[in-house]
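First the structure, in the form of structure tokens, and then the observations on it.
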Amino acid sequence: MSRTATHIACPQLVLALALCGILPSYALSQQVVTRVAPPEVRTSAEISIAINPVNVNNLIAGSLARGDGLPGSNLTYVSQDGGKTWSSVAVPNPDGRTQGDDVVLFDANGRGVHAFISFAGLWEERPAVAANGIGLTTSDDGGRTWSDRVMVVDHLNTKTPFEDKPWLVFDRHRRSSHVGNLYAAWTRFDVYGSADPADKSHILFSRSTDGGRSFAPPIRISDTPGDCVDDDGTLEGAVPAVGPDGTVYVVWGGPRGLEFDKSTDGGLTFGTDRVLVETPGGWASTVEGISRHNGMPVTIVDASRGPSRGTIHVNWIDERNGNKDVFLISSTDGGETWTAPQQVNDPATDNGRDQFFTWMAVDPADGSVNIAYYDRAATTGTRTRLTLARSLNGRDFRYFPIDTPEFDCRDDVFFGDYLGIDAQLGRVAIGFMQFPPQEPAPADVQVFSAVLDFEPSTCDLLPHGSRFAGPEQVTVQHILIGFTGSIPGKDITRTKEEAEQLARQLLERARAGEDFAALVREYTEDQSPGIYAMSNVTVTPPKSGPEETTAEQAESTTQDKNWSNPATDQPADVFPRAAMVRAFGDVSFSLTPGQIGMTEYHGTYSPYGWHIIKRLD
């Protein structure tokens, strides 16, 4: 069961590049937009999507799925080609429960996780069979095969309390003392849907220290409960996030607005809740043509090595402007202080029309903030589009319309509670729902993916996969020739003109047959021997765990980004091409074994100077 992508050169994206001030001359930009669910799925919604940090061509997704002959009520989807095609995998469901509220993610070494709620008898007054909990399954082969279901929490022979809307995150930070931990946060209803004031909702939390094979008994982290109506008065939408030092942050929605808590001991204990901001209109609100809508918060911490490393970002939707808009707040001091709410959707086109169902990803390679949302600013009625807002600093956004047809909405068909997005090494993958465009629209909704490749640290949108063209892996040795001010921390006295002259002389000498390794030892401004193995899309997992890394090694890693994989914050034996200086990767992958080439100095694509490169393999 596989689907093939539609490859589209999108004029709207060329316009978006012009707005960014950067328009590549060598090719039109492309998006890859693909139906994810197989044809036998009549209704699919609430999609989560994740990019494997050690192989950016490997994506996984999960969603609820309804249709004749399906093995259960949700599916796992897998792509091995960057979202061009997808296959579907049945989710383990040994006791035939209803499963949904799907969330997928990867750990630093590429272990995939698909988590979901799992229940029976919830909608029956006196069910013959009752159970409910949160389960997950794991994959160590990129999603091809999955483990048996493991329960994070489970209640047998009862439908109360009810566990709802989980979200999970791995600690992927090598310097954290809790690296590898898997954290889960969710809502517990005393009695789901109850209007009895005695029945309450709470935010619960659990952790796994063995990669999701088992979980500690949950703890309650919310100090003030909500009601059980499953509306604005309910505590919902808890999303955990992890900082580079291992601090765990959780934000959720409730009657007081967005509430915040954190743990500094790996999720063992939490502090006192704080209200970050009120959310006018509440987290549950009405959108024309949508059966139900929520603007629950999404929380992510910047794991890049850029100036925003460690910044906490929170994204949500509320009605402070009279209609539904997308907002962002950020904290650079561990949640002590926060920026004022910033409108993400373009204020210049804000005409009182609604934006809804937002989700956010922060790329650990460059700290870019990528926010997807449904957009009605340029439509009428229930006509809806999908937009990606991208910011390099968390303040200034550029807008990329996703190249999928506008669609009409139907409030008699469940559209879901959320969409999904992930970002790794410049690749942004969005999972989203849309109604088919046929008139009249059939009573179903389907999940799709859109994959966009950006030059890291820019709004430069590239043809899909172009940054990963060439052989699968190369090993090169290089000489770096810099000039005054080109290499941070290096005291170099030569001018840029002198550096260029020296680089060209060394290129001629190397091509004339001089010992390349000896030239490296004598002239390079990088570490000798200057040998790098690079992969187009993958990174070899680390050979040693964090307990084998010395403090000196850890400090060395933080000083030199080339000695770790920025997608996972892990040491790497093979570096991703996307994480290297752009021109360095382009030249390296263009060489044949034994051939020698050189990158010219460029302020963006080769900012450290001239690289004389010899391919070794």
Side-chain angles (χ1 to χ4, degrees), residues 1-8 30-41 44 47-63 65 74-92 102-114 137-147 170 361 363 365 420-432 446-454 462-474 534-541 565 567-568 572 574-579 589:
M1 292 184 291
S2 67
R3 272 69 60 208
T4 302
T6 301
H7 299 265
I8 303 170
Q30 286 184 328
Q31 303 178 26
V32 171
V33 179
T34 316
R35 175 170 165 168
V36 173
E40 59 267 30
V41 174
S44 52
I47 183 171
S48 172
I49 194 168
I51 303 171
N52 190 335
V54 302
N55 180 354
V56 296
N57 275 340
N58 177 209
L59 315 179
I60 58 174
S63 80
N74 63 340
L75 287 173
T76 305
Y77 312 104
V78 183
S79 176
Q80 303 291 350
D81 56 11
K84 295 178 183 178
T85 61
W86 291 86
S87 60
S88 54
V89 182
V91 179
D102 300 83
V103 53
V104 296
L105 63 158
F106 284 101
D107 75 0
N109 295 325
R111 160 171 278 208
V113 171
H114 183 178
T137 181
T138 60
S139 173
D140 291 316
D141 58 8
R144 294 177 177 87
T145 60
W146 293 81
S147 70
F170 273 107
D363 192 333
I421 185 172
D422 196 12
Q424 296 283 349
L425 296 172
R427 172 160 287 177
V428 178
I430 306 170
F432 63 98
Q446 296 295 339
V447 291
F448 289 75
S449 66
V451 179
L452 302 85
D453 285 342
F454 290 90
L462 306 174
H464 181 271
S466 64
R467 294 179 56 246
F468 309 109
E472 182 177 336
Q473 184 173 308
V474 299
M534 290 183 291
S535 170
N536 258 336
V537 295
T538 62
V539 180
T540 302
N565 172 12
T568 61
V574 181
F575 305 106
R577 173 181 176 177
F589 278 86

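Between the side chain of Ser139 and the backbone N or O of Thr145, at least one donor-acceptor pair lies under 3.5 Å. Between the Thr137 side chain and the Ser147 main chain, a donor and an acceptor come within less than 3.5 Å of each other. The closest donor-acceptor contact from the side chain of Asn74 to the backbone of Ser63 lies at 3.5 Å or more, if one exists at all. Put simply, the side chain of Asn52 never gets that close to the backbone of Asn58: no donor and acceptor are under 3.5 Å apart.
Arg427 is listed as a side-chain neighbour of Asn57, based on a closest heavy-atom distance under 4.5 Å. Side-chain contact between Gln446 and Val41 is present, with at least one heavy-atom pair separated by less than 4.5 Å. Here the side chains of Pro471 and Phe589 are in contact, with some heavy-atom distance below 4.5 Å. Inter-residue side-chain proximity for Ile60 and Trp146 is flagged as met; some heavy-atom pair is nearer than 4.5 Å. Using a 4.5 Å heavy-atom threshold, the side chains of Phe106 and Val113 count as separate. A heavy-atom distance below 4.5 Å is not found between the side chains of Val32 and Gln30. A heavy-atom distance below 4.5 Å is not found between the side chains of Thr34 and Phe448. Side-chain atoms of Val428 and Ile421, non-hydrogen and from C-beta on, do get closer than 4.5 Å to each other.
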Practice task
Begin with the C-alpha distance, continue with both residues' side-chain angles, and end with the deciding distance and a verdict on side-chain contact (heavy atoms from CB on, under 4.5 Å) for Val33 and Gln31.
Solution key: CA-CA 6 Å; Val33 179; Gln31 303 178 26; 4.1 Å; yes
Handout entry: Step-by-step side chain to side chain donor-acceptor pair (under 3.5 Å) determination, Trp86 to Ser449
Key = CA-CA 10 Å; Trp86 291 86; Ser449 66; 3.0 Å; yes
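Summarising the geometry, atom CD belonging to Glu472 is positioned 6.0 Å from atom OG belonging to Ser535; distances are rounded to the nearest 0.5 Å. Rounded to the nearest 0.5 Å, atoms CG (Asp107) and OG1 (Thr138) are 9.5 Å apart. In this structure, Asp422 CG and Leu59 CG are separated by 8.5 Å, a value rounded to the nearest 0.5 Å. Between Arg144 atom CZ and Gln80 atom CD the span is 4.0 Å, to the nearest 0.5 Å. Annotation: the span from Ile47 atom CD1 to Tyr77 atom OH amounts to 6.5 Å, rounded to 0.5 Å. Note: Leu75 CG to Asp102 CG = 8.5 Å, rounded to the nearest 0.5 Å.
Scanning both residues, Ala365 and Asp363, for their nearest heavy atoms gives N-OD1, 2.9 Å. When every heavy atom of Pro38 is checked against every heavy atom of Ser88, the shortest pair comes out as CG-OG, 3.7 Å. Ile49 and Gly420 make their closest contact through CG2-C, 3.7 Å (heavy atoms, listed as atom of the first residue, atom of the second, distance). In this structure, Val451 and Ala429 approach most closely via the heavy-atom pair CG2-CB, 4.2 Å.
Residues Thr76 and His114 have side chains that bring a donor and an acceptor to within less than 3.5 angstrom of each other.
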